[in-house]
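Below, chain A is the first sequence line, B the second, and so on; all start at residue 1.
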Amino acid sequence: MKFSSSYEPGDFESDIYAAWEAAGVFKPTISIFPTDNNSDGHDDREDSSPCYSIVMPPPNANGNLHIGHGLTIALEDSLTRYYRLRGKSTWYIPGADHAGFETWVVYERNLEAKGHTRFEFDRNELYARVWDFVAEQRGNMELQLRALGASCSWDDLTFTLDENVIDRVYTTFEKMWNDGMIYRGEKLVNYCPKHQTAFADIEVEHQDEKGTLWEIEYKLTKDASFVTPETVSREPYEASEESEPHDGGRERTGLKELQNSVSIVVSTTRPETLFGDVAVAVNAEDERYKGLIGKTVHLPLTDRDIPIIADEHADPEYGTGAVKITPAHDFDDFEVGERHNLPRIQVISEDGHMINVPEKYLGLTTMECRKQVLKDLKEQGLLKGEKSINHSVAHCYKCGTVIEPMLKEQWFVDVEKLAKTAIEHLENNEIKFHPENKQKVLINYLKNLKDWNISRQIPWGIAIPMFKKVTEEATDEPDWIFDRRTNLKEIEKGGVKYVRDEDTFDTWFSSGHWPIVCTNWTEENYNPYYPLNVMETGADLLFAWVARMIMMGLYVTGEVPFREVYLHGMVLDAHGKKMSKSKGNVINPMDLVTKYGSDAFRLGIIRGRSAGMNQAFSENSVISGRNLCNKLWNISRLIQSIVDEDEGEGGGPEADAMCSTDHEDLARGGLGAGSEGHAASASSPEKDIPVAYTTNNMGEDWICREINDCLKQVEQSMKNYRFSEAIETLYQTIWDKYADWFLESQKIYRNVPLLKTTLEALLIVIHPFAPFVTEAIWQNLSWTEGFIITQKWPQELKFDPISAQNFESLIGIVSEVRGTLQALPGTNNAKKYALMYDNDSLVEDNSLLIRTLAKVSTINPLNGAPRGLRVALANHELYLDAPEKVVAEYRDSLTEKILAVGRELDSLNARMLNPNYVDKAPAHLVKETRDAIKEKEGLIARLKNQLELI
RNA sequence: GGGGAUUUAGCUCAGUUGGCUAGAGCGUACGAUUCACAUUCGUAAGGUCACAGGUUCAAGCCCUGUAAUCCCCACCA
């Protein structure tokens with residue numbers, strides 16, 4: 001196979017993915033139910049388990065992937081590929097989400113566009129219709145996952161409405177029902193009048209808005225006796241003469257006589273809910289109102305009287321200190337109502353119109369009613385004030401409609417035990433969090449968790465398996481029974497008829513089972529893939545999802561569902577702003593994949609990102625990723641060309657073991673170990689596999705050392721989920737070390753076996769992050785076999801450490817020479833001035849290498865007295881053969897340099913002059929400081945000497 | 001009100017038990033270049049580590065406080 005001369009990811013990425021998929025390399029190698037009894041690994045899975053499992057947070061089945069998905073996949077797939085290379089049986093389980101509400105909104109919009117409404121169809125019909133709708137749309141998302149390189153086990157894809165998911169959800173629900181954790185309650189729920197469904201607290205978006213706080217006067221009744229809650233009827237407004245509108249000034253002579261001199265003024269932002277008022281609350285400590293507690297006031301625009309009660313909810317500092325209590329339409333008032341056993345009067349219907357109000361207001365929308373109420377109050381002189389305030393208002397996160405707190409019968413989960421158990425396991429550190437602080441945040445959240453409303457009035461979801469009794473005579477039977485037959489509208493049991501609840505589950509109730517259902521966990525069998533090794537998802541889902549998976553996992557399996565949690569932050573635009581359609585700054589990951597390749601995208605989005613942080617992202621980082629891929633491509637082409645040349649010349653690959661260079665005598669530094677010094681001729685310690693190369697010069701020893709360090713650092717980084725750090729290490733090793741120093745040196749000294757070994761190692765190590773280009777190269781290289789995706793993680797390389805360290809000195813020399821040449825006046829100095837050395841074996845032995853790397857034209861021994869410009873090195877005698885005039889022009893730079901070194905020396909000396917430092921600091925640091933001082937002193941002396949010569 | 005974070009080079013970010021002269025990428029400036037790569041190579045400039053105290057031989061890192069920015073939860077009658 002021939003390498004194309006340029007890196008074109010678009011030419012091979014999809015073919016490579018198809019080849020992997022066809023070869024079945026994404027599947028775990030160990031099945032769930034082992035045939036041998038070799039898996040005894042219930043404990044200590046982290047290190048000893050042969051299995052590694054991770055699940056994909058399911059993207060919307062009929063949507064497209066956005067940038068956050070891109071990040072998720074890049075992270076999860078990198079982990080998956082890394083542990084696969086480390087030899088684990090790796091199971092990355094893909095998923096697709098029915099996305100209950102999202103999909104429903106899209107579908108309902110379609111329906112409306114065609115002139116229909118949901119209310120024309122029954123639930124089963126709607127479910128079937130949406131199913132078809134999703135089936136038509138489905139597939140894009142999965143293609144995009146493939147384009148991103150997700151090495152997930154496609155046969156195991158779990159859809160959130162799969163039968164096994166529904167089954168498991170029903171089993172859990174039944175267990176909870178039997179355990180008494182499920183109850184039906186009339187509570188205030190967050191209700192969107194447009195979508196006509198309730199939401200969990202967490203699905204509501206609060207926005208700060210300007211609003212008006214109105215002050216309304218409620219007059220005390222003459223007969224100020226306490227009115228017990230029972231005297232207020234639930235349906236107080238039967239159309240009657242009395243509730244007809246009055247003229248503003250007309251004396252009310254009906255039921256009540258008003259004590260006009262005394263009144264109480266309440267503050268409200270929602271005057272229209274006045275009709276649902278059942279009390280006025282004041283603070284017991286509030287001197288202004290103390291005497292009024294227990295008296296009654298007349299509720300304006302009505303013929304009702306309501307009590308004045310004392311409750312801590314009333315804040316004397318806020319408004320007038322008196323607050324009207326409307327338990328059916330306000331969360332706080334609901335609680336006040338419960339404390340005082342007050343009735344709940346619902347005055348707003350589910351579609352946002354007034355009910356249970358005087359006829360004049362009946363059927364108005366809330367806004368219309370508000371206007372009318374204000375107008376009427378004003379006419380009666382009861383509107384006492386109007387202030388504009390800032391307050392936060394709850395909105396539907398999908399359509400922006402103001403959320404109406406609504407009194408509804410719903411299913412609730414009593415979360416007390418669930419939360420308590422979860423907290424215990426979290427405090428027991430059974431789950432490791434990245435970033436760490438999220439553990440505390442989650443515990444804090446669970447400690448304050450309220451009961452969980454799991455009913456949703458959306459047809460597209462898992463039906464709640466509860467049926468309500470309709471046969472009135474069967475009084476002994478329970479009102480509600482559990483039954484799995486949710487495909488039926490009506491069932492009969494023991495002669496009693498029941499109808500199914502129309503509601504569906506909150507999506508998080510089923511999603512909470514994700515690790516359980518994806519891994520096919522069962523009560524009967526040990527499953528080596530549960531708990532998951534890690535749960536990776538967005539930090540914004542900590543409460544909504546992660547918390548619920550933990551509670552459900554513990555409830556169902558008794559074990560935490562995963563050992564570690566990695567939370568990524570939000571991907572922001574290049575300026576650190578949230579991406580949004582309205583701002584027009586949305587970046588589509590697929591566009592970047594098309595433009596720069598999948599690997600470039602993956603490298604770009606992971607780089608510079610740390611756990612839990614919302615961080616900026618720009619195309620530049622993807623370009624930089626593409627450049628690295630290009631570098632890899634060209635490194636490989638170079639090595640392949642050397643291999644080809646070598647095999648063409650010599651007697652085949654076996655001859656490689658003999659060094660092909662003519663410069664063997666020069667290759668090792670004078671300080672190299674042993675006469676032959678072939679450090680790497682030993683065999684591998686673990687298995688008796690002979691290593692395939694010998695090192696023949698210091699650059700080769702050095703690169704082996706650097707690659708070993710790189711391996712260790714990447715392993716460490718991956719263990720700690722420091723992806724960005726791993727990539728940084730790889731960039732440096734591949735680019736700055738391997739390409740810029742080692743390969744440059746190999747243009748002189750060619751060690752074909754070592755080139756092969758090191759290239760393989762680097763390709764494997766970076767494969768998790770750049771899977772396509774590394775596989776493409778692997779397939780192009782003439783000597784490699786199989787797929788890179790299933791290779792083994794590289795072994796440590798053998799090398800001679802002293803020789804490796806000498807190469808470090810050589811790098812220092814070359815860098816200093818380059819810098820000096822640049823700083824000299826004029827251009828092309830490397831060609832003009834010869835480099836001379838005096839009595840320096842390292843330079844002498846490696847003069848060819850130094851000449852090549854520093855790009856100087858000639859390098860000679862200095863014959864005679866020093867001349868030209870002395871290169872600023874403490875331990876090497878090097879001169880650039882520049883004429884005096886040029887050296888004189890360099891004078892300023894030299895002075896600058898002397899001053900700089902002088903400053904460093906001063907600070908070092910100051911440190912040594914501090915007796916406490918010498919006494920208390922670790923000995924090796926003190927020694928280092930001493931050595932550094934010696935070196936600086938030497939250097940400064942030489943530079944001063946040089947300056948004098950000029 | 002409760003909780004969590006952030007503040008380091010022009011920009012985006014590293015800097016994990018405190019330890020040599022605080023790093024990277026991008027950007028900038030200057031220079032190079034016939035064959036692995038201009039998606040390149042080399043060199044350089046650029047920092048009061050938000051501020052004020054404290055602990056320590058030693059602080060970007062630990063402690064206290066202040067300021068600014070951001071996120072989450074609750075509340076806002």
Side-chain angles (χ1 to χ4, degrees), chain A residues 3 5-7 201-202 206 208 211 213-214 266-270 273 281 313-315 318-326 330-333 336 389-393 435 437-438 440-441 444-445 448 539-540 542-543 569-570 574-576 596 600 607-610 612-618 620-621 623-624 626-642 720 722 724-725 728 731-732 739-740 743-744 747 815 818-823 827-831 854-855 900-901 903-904 907-908 911 914-922 924-926 928-929 931-932:
Chain A
F3 266 116
S5 60
S6 65
Y7 167 63
D201 294 344
I202 211 149
H206 290 267
D208 280 338
L213 189 64
W214 286 280
V266 300
S267 326
T268 181
T269 53
R270 303 201 55 194
T273 62
H313 169 59
D315 175 3
Y318 194 92
T320 60
V323 53
K324 64 197 227 20
I325 300 300
T326 322
D330 183 281
F331 288 98
D332 287 323
D333 293 3
V336 175
I389 54 156
N390 279 319
H391 63 158
S392 91
V393 179
N437 70 300
K438 296 292 180 190
K440 264 197 271 170
V441 175
N444 189 48
Y445 169 78
N448 298 309
D540 53 332
L542 179 64
F543 299 154
M570 231 186 308
H575 307 288
Y596 301 107
R607 197 170 188 202
R609 201 163 288 277
S610 40
M613 298 262 293
N614 299 342
Q615 282 164 312
F617 171 71
S618 73
N620 278 342
S621 63
I623 290 173
S624 148
R626 188 270 317 266
N627 293 354
L628 180 69
C629 294
N630 180 66
K631 196 75 190 173
L632 276 171
W633 189 260
N634 283 295
I635 284 171
S636 306
R637 283 176 60 219
L638 172 65
I639 292 175
Q640 183 64 61
S641 75
I642 293 172
N720 296 316
R722 301 177 74 92
S724 182
E725 220 165 69
E728 217 57 55
Y731 260 80
Q732 267 180 39
D740 289 347
L743 282 186
E744 287 305 316
K747 286 178 178 171
S815 299
R818 282 173 179 169
T820 310
L821 285 167
Q822 288 276 343
T827 62
N828 274 316
N829 291 329
K831 281 188 178 161
K855 296 217 160 79
V901 178
R903 282 192 294 269
E904 289 166 21
S907 86
L908 290 172
R911 194 174 302 160
N914 180 347
N916 285 324
Y917 175 71
V918 184
D919 288 351
K920 294 187 183 173
H924 72 274
L925 285 176
V926 178
E928 274 175 30
T929 309
D931 292 349

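Remark: the separation of the P atoms in B:rA22 and B:rC49 is 10 Å, to the nearest Å. A gap of 13 Å separates the C1' atoms of B:rA9 and B:rA14, to the nearest Å. Across the P atoms, B:rG4 and B:rG65 are found 13 Å apart, a figure rounded to whole Å. Atom name C1', nucleotides B:rC75 and B:rC63: the rounded distance is 33 Å, in whole Å. Only the P atoms considered, B:rG18 is 30 Å distant from B:rU12, to the nearest whole Å. The separation of B:rG47 from B:rA24, taken at their P atoms, amounts to 15 Å, rounded to a whole angstrom. Only the P atoms considered, B:rA5 is 13 Å distant from B:rU64, to the nearest whole Å. For the C1' atoms, the distance from B:rU21 to B:rA50 is 24 Å, rounded to whole Å.
Residue-level contact check: A:Leu213 touches the backbone only, with heavy atoms under 4.0 Å from sugar-phosphate atoms and none from bases. Residue contacts shown for A:Ser907 are limited to sugar-phosphate atoms, with no base heavy atom under 4.0 Å away. Within the 4.0 angstrom heavy-atom criterion, only backbone atoms of the sugar-phosphate kind lie near A:Asn828; the bases stay farther away. Residue A:Ala739 is classed as a base contact, given a heavy-atom separation below 4.0 Å to a base. At the heavy-atom level, A:Thr929 lies nowhere under 4.0 Å from the strands shown. Across all strands shown, A:Lys831 has heavy atoms under 4.0 Å from sugar-phosphate atoms exclusively, and none from any base.
Rounded to an integer number of Å, the gap from A:Asn614 CG to B:rG4 C1' is 12 Å. One atom, NZ of A:Lys440, and another, C1' of B:rC73, lie 16 Å apart when rounded to the nearest Å. When rounded to the nearest whole Å, the span between CD1 of A:Ile623 and P of B:rU39 equals 11 Å. The distance from atom CD of A:Glu904 to atom C1' of B:rC20 is 10 Å, rounded to the nearest whole Å. For A:Phe617 and B:rC13, the CZ to P distance is 13 Å, given to the nearest whole Å. Straight-line distance from the CG atom of A:Leu628 to the C1' atom of B:rU39: 11 Å, rounded to whole Å. Atoms CD (A:Glu744) and P (B:rC35) sit 11 Å apart, rounded to a whole Å. Rounded to an integer number of Å, the gap from CD1 of A:Ile389 to C1' of B:rC75 is 12 Å.
Within the 4.5 Å cutoff, the side chain of A:Asp330 has no heavy atoms near those of the A:Arg270 side chain. Side-chain contact between A:Tyr318 and A:Leu213 is present, with at least one heavy-atom pair separated by less than 4.5 Å. With contacts defined as side-chain heavy-atom distances shorter than 4.5 Å, the pair A:His575/A:Ser618 does not qualify. Side chains of A:Lys438 and A:Pro435 form a contact here, defined as non-hydrogen atoms less than 4.5 Å apart. A 4.5 Å side-chain heavy-atom check between A:Thr269 and A:Ile389 finds at least one atom pair inside the cut-off.
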* Base, backbone or nothing for each nucleotide of nucleotides 14-19 of chain B, written B, S, -, heavy atoms under 4.0 angstrom, 5' to 3'? -> SSB--B

* Going 5' to 3' along nucleotides 42-50 of chain B, which nucleotides have protein heavy atoms under 4.0 Å from the base (write B), which only from the sugar-phosphate (write S), and which from neither (write -)? -> BS-------

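Using the six-membered ring where Trp is involved, A:Phe3 and A:Trp633 have ring planes that are perpendicular, over 60° apart on the 30 and 60° scheme.
Note: A:Leu628 CG to A:Ile623 CD1 = 14.0 Å, rounded to the nearest 0.5 Å. Taken from CZ in A:Arg637 to OG in A:Ser6, the straight-line distance is 8.0 Å, to the nearest 0.5 Å. Remark: A:Asn634 CG to A:Leu743 CG distance equals 11.0 Å, nearest 0.5 Å. Atom NZ of A:Lys747 sits about 6.0 Å away from atom CG of A:Leu638, to the nearest 0.5 Å.
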* To do: Please lay out, stage by stage, how A:Asp540 and A:Met570 fare under the test side-chain contact (heavy atoms from CB on, under 4.5 Å).
  => CA-CA 8 Å; A:Asp540 53 332; A:Met570 231 186 308; over 6 Å; no

* Report the C-alpha distance between A:Val441 and A:Phe543 in whole Å, list the side-chain angles of each, state the deciding distance to 0.1 Å, and finish with yes or no for side-chain contact (heavy atoms from CB on, under 4.5 Å). => CA-CA 9 Å; A:Val441 175; A:Phe543 299 154; 3.8 Å; yes

* Asked: Is there a side-chain hydrogen bond (donor to acceptor under 3.5 Å, both in side chains) between A:Arg607 and A:Ser624 once you walk through the steps?
  -> CA-CA 10 Å; A:Arg607 197 170 188 202; A:Ser624 148; 3.0 Å; yes

* To do: Output, in order, the C-alpha distance, side-chain angles, deciding distance and verdict of side-chain contact (heavy atoms from CB on, under 4.5 Å) for A:Asn720 and A:Glu725.
  => CA-CA 10 Å; A:Asn720 296 316; A:Glu725 220 165 69; over 6 Å; no

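Side-chain proximity of A:Asn634 to the nucleotides B:rC57, B:rA36, B:rA32 is greatest for B:rA36.
Looking at residues two or more places apart in sequence or on another chain, you find a side chain to side chain contact (heavy atoms under 4.5 Å, CB included) between A:Arg911 and A:Leu908, A:Tyr917, A:Thr929. Checked against side chain to side chain contact (heavy atoms under 4.5 Å, CB included), A:Glu928 has the following partners two or more places apart in sequence or in another chain: A:His924, A:Leu925.
Each of A:Cys629 and A:Val323 lies near RNA chain B, and the nucleotide nearest A:Cys629 is the one positioned closer to the 5' end. Nearer the 5' end of RNA chain B, as judged by each residue's closest nucleotide, is the contact made by A:Asn916, out of A:Trp214 and A:Asn916.
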Restricting both atoms to N or O, compile the protein contacts to nucleotides 23-28 of chain B shorter than 3.5 Å, with distance only.
residue, atom, partner, partner atom, Å
B:rA24, O2', A:Glu728, OE2, 3.0
B:rC26, O2', A:Asn620, ND2, 3.4

* **Bracket string, RNA chain B, 5' to 3' - pairs by Watson-Crick or G-U geometry under 3.5 Å, | interstrand** => (((((((..((((.....[...)))).((((((....).))))).....(((((..]....))))))))))))....

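Between the side chain of A:Lys747 and the base of B:rA36 there is at least one donor-acceptor pair of N/O atoms closer than 3.5 Å.
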